[in-house]
There are 2 protein chains.
Amino acid sequence: MSDLLERLRGRGWRVTAQRRVVAEVLDGDHIHLTADEVLERATARLPEISRATVYNTLGELVTLGEVVEVTTDGRAKRYDPNAHRPHQHLVCSGCGIIRDVHPAGDPLADLPDAERFGFDVSAAEVTYRGLCPDCARG
Amino acid sequence: MSDLLERLRGRGWRVTAQRRVVAEVLDGDHIHLTADEVLERATARLPEISRATVYNTLGELVTLGEVVEVTTDGRAKRYDPNAHRPHQHLVCSGCGIIRDVHPAGDPLADLPDAERFGFDVSAAEVTYRGLCPDCARG
DNA sequence: TATTGACTTGGACTTGGTCCATCGTAGGAT
DNA sequence: ATCCTACGATGGACCAAGTCCAAGTCAATA
């Protein structure tokens with residue numbers, strides 16, 4: 001995400017302290033924070049930032065394709081900054097930790113024509129579930 | 001779902017008018033109702049039924065493995081009575097309609113060991129996305 | 001360095017869901 | 001057939017996640 005702000009500036013984004021902080025908080029690998037977690041970490045760096053701004057900024061990053069929304073549990077959405085390399089998710093059924101994974105082959109190819117109901121199918125999201133090493137031991 | 005109530009009675013379930021109505025409402029193919037939609041349809045048949053009871057009953061049916069929860073949009077959970085035949089979901093990005101689909105092969109097999117991070121992986125959920133015939137025309 | 005339209009704020013509001021004290025009733029016992 | 005009682009239903013308060021909006025602020029351009 002390092003050159004993200006420059007990319008966004010080039011697209012006409014006004015760079016504010018709030019947006020910078022949200023982008024910084026999302027930087028890293030295997031990052032899948034909820035909006036509230038982003039707010040919490042952003043507040044540590046910029047105490048005046050508001051909840052609405054965090055939601056606004058996350059929504060904009062999603063619209064611009066810089067971040068993808070992930071829903072693994074029907075509760076809060078999570079925000080994944082690894083938007084430029086296609087991948088799927090592996091979720092621990094015990095503690096909920098999420099890893100980015102790269103399955104072999106194209107999951108789309110597994111859906112026969114007869115199973116497409118006339119849809120123009122364009123994407124496949126896969127969520128693998130299981131126990132992480134820590135939870136399997138417990 | 002026709003013999004569902006008998007199966008549940010066998011498991012010690014007390015069969016009430018409310019539970020019967022919820023089970024009836026869920027009967028059918030490609031049914032993926034939200035809790036509120038279940039409540040709405042149940043109310044049409046049994047006006048006194050309460051929201052809490054619908055949630056309780058849906059939760060019990062999920063625990064018993066008779067219904068599966070589906071989250072395709074990060075909003076309301078949906079309840080799928082087709083729990084005994086493994087399948088995946090195809091969701092229209094336009095109108096949100098959901099079809100049950102059966103991909104070829106086992107999606108689990110596509111995840112290489114090197115991508116498992118030591119997890120004991122036990123399941124894979126796939127959500128295919130695209131436009132349904134109606135939305136593609138529009 | 002002045003201007004201004006885009007951005008931020010906080011609080012009210014909405015939606016989806018859970019909890020709980022109280023009341024009602026299915027189904028076994030008599 | 002009726003009685004009992006533990007299990008189930010009720011509705012209203014509560015909670016969590018997210019959206020909306022009117023008013024105030026400020027980044028970037030001139």
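Order of the sequence lines sets the chain letters (A, B, ...), proteins ahead of strands, with each chain counted from 1.
- Residue contacts for Arg9(A): at a heavy-atom cut-off of 4.0 Å it reaches the sugar-phosphate backbone alone, with no base atom in range.
- When rounded to the nearest whole Å, the span between CG of Leu58(B) and C1' of dA9(D) equals 14 Å.
- Residue Ser50(B) places none of its side-chain N or O atoms closer than 4.0 Å to OP1 or OP2 of dA9(D).
- Computed from coordinates, the Trp13(B) CH2 to dT25(C) P distance equals 18 Å when rounded to whole Å.
- Between His30(A) and His32(A), the side chains place no donor N or O within less than 3.5 Å of an acceptor N or O (distance only, hydrogens not considered).
- Listed pair Arg19(B) / dG8(D) meets the phosphate criterion, a side-chain N or O lying under 4.0 Å from OP1 or OP2.
- Checking side-chain atoms of Arg99(B) against main-chain N and O of Arg116(A) turns up no donor-acceptor pair under 3.5 Å.
- Here the CZ atom belonging to Arg9(B) is positioned 11.0 Å from the CG atom belonging to Leu4(B), to the nearest 0.5 angstrom.
- The shortest distance between the side-chain N/O atoms of Gln18(A) and the OP1/OP2 oxygens of dC26(D) is not below 4.0 Å.
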- Message: Phe119(B) vs Ile97(A), test: side-chain contact (heavy atoms from CB on, under 4.5 Å). Steps then yes/no.
- Response: CA-CA 11 Å; Phe119(B) 279 51; Ile97(A) 195 181; 3.9 Å; yes
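- At a threshold of 4.0 angstrom between heavy atoms, the contacts of Thr16(A) are confined to the sugar-phosphate backbone, with no base atom among them.
- Contacts of Ala76(B) with the nucleic acid, taken as non-hydrogen atoms under 4.0 Å apart, involve only primed sugar atoms and P, OP1 or OP2.
- Arg51(A) has no side-chain polar atom (N or O) that falls below the 4.0 Å cut-off from OP1 or OP2 of dG10(C).
- For Lys77(B), the listed nucleotide lying nearest its side chain is dG17(C); candidates were dT25(C), dG17(C), dC20(D).
- We find that CG of Leu33(A) is positioned 14 Å from P of dA17(D), with the value rounded to whole Å.
- Rounded to an integer number of Å, the gap from Tyr55(B) OH to dC14(D) C1' is 14 Å.
- Remark: P of dC7(C) and CZ of Arg11(A) are 14 Å apart, rounded to the nearest angstrom.
- Heavy-atom distances to DNA chain C give each of Asp36(B) and Arg14(B) a nearest nucleotide, and the one nearer the 5′ end belongs to Asp36(B).
- dT18(C) atom P lies 12 Å from atom CD of Glu60(B), rounded to whole Å.
- One atom, CZ of Arg78(B), and another, C1' of dG16(C), lie 12 Å apart when rounded to the nearest Å.
- Between Glu66(B) and Arg11(B) there is a salt bridge, with a side-chain nitrogen of the basic residue lying less than 4.0 Å from a carboxylate oxygen of the acidic one.
- We find that CG of Asn56(B) is positioned 18 Å from P of dT22(C), with the value rounded to whole Å.
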